[in-house]
Amino acid sequence: MTIDCYKLLKLDKEKATISDIKKAYRKLALQYHPDKQPVDATEEQKEQANTSFQQLGMAYAVLSDPKRKERYDRTGSMDESEFEGDKDWSAYFKELWTGVVNAETIEAQKAKYQGSEEEKKDVLAAYETCKGNMDNILQMVECSTAVDGERFEKIIRSAIDNKTVPLHKAFDKTTTSKAHKKRMDAEKKEEAAFLRRQKDDKKKEKEDEDSSLLALIQNRAKERHAKMNSIIDSIEQKHGKKRKEPDMPSEEEFLKLQSKMFKKK
């Protein structure tokens with residue numbers, strides 16, 4: 001599998017700075033992260049998004065590391081063997097996502113980005129790329145959710161009126177009141193499903209912890225029982241060596257003893 005890191009992150013090789021690389025990864029990771037896929041996405045679409053997400057992680061890992069970037073820029077190819085072997089790369093990409101695209105960076109970027117000229121430019125570029133389909137535009141524009149659909153519609157309609165962009169048929173079909181509501185309802189369901197998954201994961205983790213604790217207690221009880229048995233065995237062996245069982249009297253001695261007892265009575 002050959003990956004064009006700059007093309008994948010939609011960057012200009014000659015101009016991309018480390019800040020540009022991080023921003024591009026954050027923007028595209030938001031688009032392709034498995035948890036961000038639509039509720040009605042097919043298994044094939046989810047699998048494709050997961051593959052794209054991992055490829056983005058690989059591209060970022062190469063371009064954000066000075067040594068890897070220097071080698072990649074010089075040779076035009078990446079050492080994919082680095083992404084093989086025993087290391088759990090799925091965990092690495094999850095860590096990468098958490099580190100670069102955490103809640104704090106998303107909110108900070110969102111506050112700076114939304115309503116800016118940069119966002120307006122991205123919305124119009126997405127409009128052209130998606131041929132007016134608002135469902136796809138919302139997937140492309142950074143930090144956007146279904147509620148931004150109506151705001152984007154105003155930006156695009158203003159550009160259409162000014163003849164900056166042409167009117168695409170799909171635009172009118174995907175910006176009706178019904179279409180906006182459908183997207184917002186679907187997003188609420190998706191969020192609820194995500195929260196349920198988180199709750200289930202935490203519940204499973206708790207059950208695993210409880211199970212591990214029970215196993216530990218049981219194991220310690222077995223160890224204590226085994227240790228007690230060992231102590232008892234040791235005591236018995238010790239006394240067995242020092243203590244001799246008394247000799248039993250012979251029948252003749254027993255009869256004499258019995259006779260003496262009866263005489264006393």
Side-chain angles (χ1 to χ4, degrees), residues 1-38 41 43-130 136-145 148 152 194:
M1 178 179 60
T2 303
I3 294 177
D4 185 329
C5 295
Y6 289 101
K7 185 176 181 181
L8 197 63
L9 291 172
K10 300 180 180 179
L11 293 167
D12 185 328
K13 180 180 177 180
E14 304 303 322
K15 298 178 181 178
T17 63
I18 187 63
S19 177
D20 294 332
I21 292 165
K22 183 176 283 190
K23 181 182 175 183
Y25 171 74
R26 183 173 58 237
K27 180 177 180 179
L28 292 166
L30 279 168
Q31 182 179 340
Y32 290 107
H33 191 278
D35 288 341
K36 299 296 180 182
Q37 299 314 299
E43 287 303 316
E44 186 180 350
Q45 288 172 328
K46 289 178 182 177
E47 184 62 32
Q48 181 57 51
N50 187 59
T51 300
S52 296
F53 178 71
Q54 292 194 0
Q55 288 179 347
L56 287 168
M58 291 170 71
Y60 179 78
V62 170
L63 298 184
S64 63
D65 183 284
K67 289 184 179 179
R68 283 176 172 173
K69 184 177 183 298
E70 188 278 328
R71 184 176 63 226
Y72 180 76
D73 288 345
R74 179 166 41 82
T75 63
S77 63
M78 59 187 288
D79 186 358
E80 293 182 40
S81 64
E82 292 182 8
F83 296 93
E84 297 171 356
D86 296 333
K87 183 167 180 177
D88 185 349
W89 287 103
S90 293
Y92 168 77
F93 294 131
K94 187 177 180 181
E95 261 181 51
L96 181 62
W97 160 266
T98 305
V100 182
V101 199
N102 57 35
E104 187 179 338
T105 58
I106 290 172
E107 289 306 313
Q109 174 63 12
K110 189 175 181 180
K112 179 181 177 182
Y113 178 73
Q114 289 193 332
S116 67
E117 282 300 312
E118 183 184 3
E119 184 196 46
K120 181 179 177 181
K121 182 180 176 182
D122 288 346
V123 168
L124 294 177
Y127 170 78
E128 291 281 33
T129 301
C130 301
N136 297 335
I137 293 169
L138 288 166
Q139 288 292 322
M140 281 191 70
V141 179
E142 183 178 357
C143 296
S144 65
T145 61
D148 294 306
F152 288 176
F194 176 67

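Listed here is the closest heavy atom pair of D20 and K15: OD2-O, 3.7 Å. Annotation for C130 and M140: closest pair SG-SD, 3.4 Å, computed over non-hydrogen atoms. Here the closest non-hydrogen pair linking K13 and D73 is NZ-O, 3.3 Å. For the pair A59 and C5, the tightest heavy-atom approach, listed with the atom from each and the gap, is CA-SG, 3.8 Å.
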Legend entry - From CA spacing to verdict: salt bridge (Lys or Arg N to Asp or Glu O under 4.0 Å), K121, E117: CA-CA 6 Å; K121 182 180 176 182; E117 282 300 312; over 6 Å; no
Apply side-chain contact (heavy atoms from CB on, under 4.5 Å) to the pair Y60 and L8, showing each step before the final yes or no. CA-CA 10 Å; Y60 179 78; L8 197 63; over 6 Å; no
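Put simply, CG on L63 and CD1 on I21 are 5.0 Å apart, with the number rounded to the nearest 0.5 Å. Between the OH atom of Y113 and the NZ atom of K27 there is a distance of 4.5 Å, given to the nearest 0.5 Å. Taking CG of D122 as the start and CZ of F152 as the end, the distance is 9.0 Å to the nearest 0.5 Å. In this structure, CD on Q54 lies 6.5 Å from OG1 on T51, to the nearest 0.5 angstrom. Considering NZ of K22 and CG of L9, their distance stands at 13.5 Å, rounded to 0.5 Å. Interatomic distance, CG of D65 versus CZ of R71, reported as 8.5 Å (0.5 Å rounding).
In this structure, the side chain to side chain contact (heavy atoms under 4.5 Å, CB included) partners of Q48, at least two apart in sequence or on a different chain, are S52. With sequence neighbours left out, the side chain to side chain contact (heavy atoms under 4.5 Å, CB included) criterion links T145 to V147, D148, E187.
N50 contributes no side-chain N or O that, together with a main-chain N or O of E47, makes up a donor-acceptor pair within less than 3.5 Å. Counting only distance, with no hydrogens or angles, the side chain of Y25 and the backbone of S64 share no donor-acceptor pair below 3.5 Å.
At most 12 non-hydrogen atoms from other residues, nucleotides or ligands lie less than 6.0 angstrom from NZ of K112. Within 6.0 Å of CD on E70 lie more than 12 heavy atoms contributed by other residues, nucleotides or ligands.
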